[in-house]
> 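The following block contains the structure, expressed as structure tokens.
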There are 2 protein chains.
Amino acid sequence: MAEKALDETDRRIIAILQVEGRLAIQELAARCGLSPSPCLRRVRALEAAGIITGYAAVIDQARVGLPVSVFASVKLERQREDALDRFEASVARWPEVVDCYLMTGQRDYLLRIVVRDIEAYERFLKDKLTRLDSVASIESSFALGQVKRSSALPIA
Amino acid sequence: MAEKALDETDRRIIAILQVEGRLAIQELAARCGLSPSPCLRRVRALEAAGIITGYAAVIDQARVGLPVSVFASVKLERQREDALDRFEASVARWPEVVDCYLMTGQRDYLLRIVVRDIEAYERFLKDKLTRLDSVASIESSFALGQVKRSSALPIA
DNA sequence: GTTGAAACCTTAACATA
DNA sequence: TATGTTAAGGTTTCAAC
């Protein structure tokens, strides 16, 4: 989790690539006032440092038949000491779970689950989430729509 | 929000590009059992159809000095009819708000706000969110860490 | 879906500050 | 430590089939 010193140019590169991840290095270089070589070297360095962890096509959930996001707030039982690791391993394995955050307040996780419809969510609950015996409680909230999903962190 | 008919190859392309968004078309084509031309045409068609909405470098929040995610559950006042639009417009403008979902149960939004530290969050609350007079209540939950943030929807 | 050719991009070596 | 220039090799793109 170390934080590396980033200069203006690095931040510029990140800001641009967060929004235009497939931009050619030449064009990226031009927009940063660099020639392509140092620009490419910086991008590779950012990748190597684990700051840029990858590149992703951004997909419209609804248009691929997955309009429903469900937020599940999950509380784990206090008794089981290895429960957190096992819970996290399961979550990592389940493709429906798109985001998972460990929250303050002891054993709480917030998940975002992406599914085709409510029925698919019920199946996910029944076949997967409630099967973990470390789970003490689950509270589900349904999203009607995505108002904003930014690929850009507020770097600047 | 129309859903277009996607064949196996389209889904394959999406699945790959969600994880390797900068993959060369040649390589993508090879993995889909296509030659580059039709593969590129399909990618362009997915972009034109609004299924692929863009490409993004995936950034490690913590390593760029933004370790804190806050989930804010916001309830709007019932009286103001134009409140939703104005709220959504504000949210779109604020870079700290990275995700925003409209939730079931009348006037509820769930926001994810990304900041440097708790102080920055307090500043966001004080200077921005609580300034909107349509906001009836805000409940904040803090994330200690990201267990999973997948760039891949469960397409398959 | 295929081929092929032109245009364009990436990248490493080496020079420079 | 950082960038700039060059040139070879690879990739993208599009028209014609």
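Chain identifiers are assigned alphabetically (A, B, ...) following the order of the sequence lines, protein sequences preceding nucleic acid strands; residue numbering begins at 1 within each chain.
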> Assess the residue pair A:Arg116 and A:Tyr121 against the criterion (side chain to side chain donor-acceptor pair (under 3.5 Å)); give the C-alpha distance rounded to whole Å, side-chain angles, the decisive distance to 0.1 Å, and a yes or no.
CA-CA 8 Å; A:Arg116 175 167 300 279; A:Tyr121 181 63; over 6 Å; no

> Within the sub-3.5 Å range, which N or O atoms of nucleotides 7-9 of chain D have a protein N or O partner, and how far apart are they?
none

> May I have the distance from A:Leu28 (atom CG) to D:dT3 (atom P), rounded to whole angstrom?
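Rounded to whole Å, this separation is 13 Å.
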
> Atom CZ of A:Arg42 and atom P of D:dT1: how far apart are they, to the nearest Å?
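The distance from CZ of A:Arg42 to P of D:dT1 comes to 13 Å, rounded to the nearest Å.
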
> Mind listing the N/O atom pairs, protein and nucleotides 15-17 of chain C, below 3.5 Å?
none

> Counting only N and O atoms by type, is there a donor-acceptor contact under 3.5 Å from the side chain of A:Ser151 to the main-chain atoms of A:Gln18?
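At least one qualifying donor-acceptor pair exists.
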
> So, A:Arg112 and B:Tyr101: side-chain donor and acceptor under 3.5 Å apart, yes or no?
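Yes, side-chain donor-acceptor contact under 3.5 Å.
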
> So, A:Glu88 versus A:Tyr109: side-chain donor-acceptor pair below 3.5 Å or not?
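The criterion, which ignores hydrogens and geometry beyond distance, is satisfied for A:Tyr109 and A:Glu88.
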
> Considering only NZ, NE, NH1 and NH2 on the basic side and carboxylate oxygens on the acidic side, decide whether B:Arg31 and B:Glu27 come within less than 4.0 Å.
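So B:Arg31 pairs with B:Glu27 through a salt bridge.
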
> Side-chain donor-acceptor pair under 3.5 Å between A:Glu47 and A:Tyr55, yes or no?
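Short answer, yes.
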
> So that I can tick it off, tell me whether A:Asp117 and A:Arg123 are bridged by a salt bridge, with the cut-off set at under 4.0 angstrom between side-chain N and carboxylate O.
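Salt bridge flag = no for A:Asp117 with A:Arg123.
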
> Test your reading of the model: is there a side-chain donor-acceptor pair from B:Glu77 to the backbone of B:Ala136, 3.5 Å cut-off?
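No: the side chain of B:Glu77 does not pair with the backbone of B:Ala136.
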
> Below 4.0 angstrom, N of the basic side chain to O of the carboxylate: do A:Asp99 and A:Arg149 qualify?
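Counted as a salt bridge, because a side-chain N and a carboxylate O are separated by less than 4.0 Å.
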
> Is B:Arg12 paired with B:Glu8 through a side-chain N to carboxylate O contact shorter than 4.0 Å?
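Here B:Glu8 does not pair with B:Arg12 in a salt bridge, since their nearest N and O are not under 4.0 Å apart.
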
> Separation of A:Glu8 atom CD from D:dA2 atom C1', in whole Å?
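Spelled out: CD on A:Glu8 to C1' on D:dA2 is 17 Å.
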
> Pull out every protein N or O sitting under 3.5 Å from an N or O of nucleotides 9-12 of chain C, one pair per line with the distance.
from, atom 1, to, atom 2, distance (Å)
C:dC9, OP2, A:Gln26, NE2, 2.6
C:dT10, OP1, A:Ile25, N, 3.4
C:dT10, OP2, A:Ile25, N, 2.7
C:dT10, OP2, A:Gln26, N, 3.2
C:dT11, OP1, A:Arg44, NH2, 3.2
C:dT11, OP2, A:Arg44, NH2, 2.5
C:dA12, N6, A:Ser37, OG, 2.8

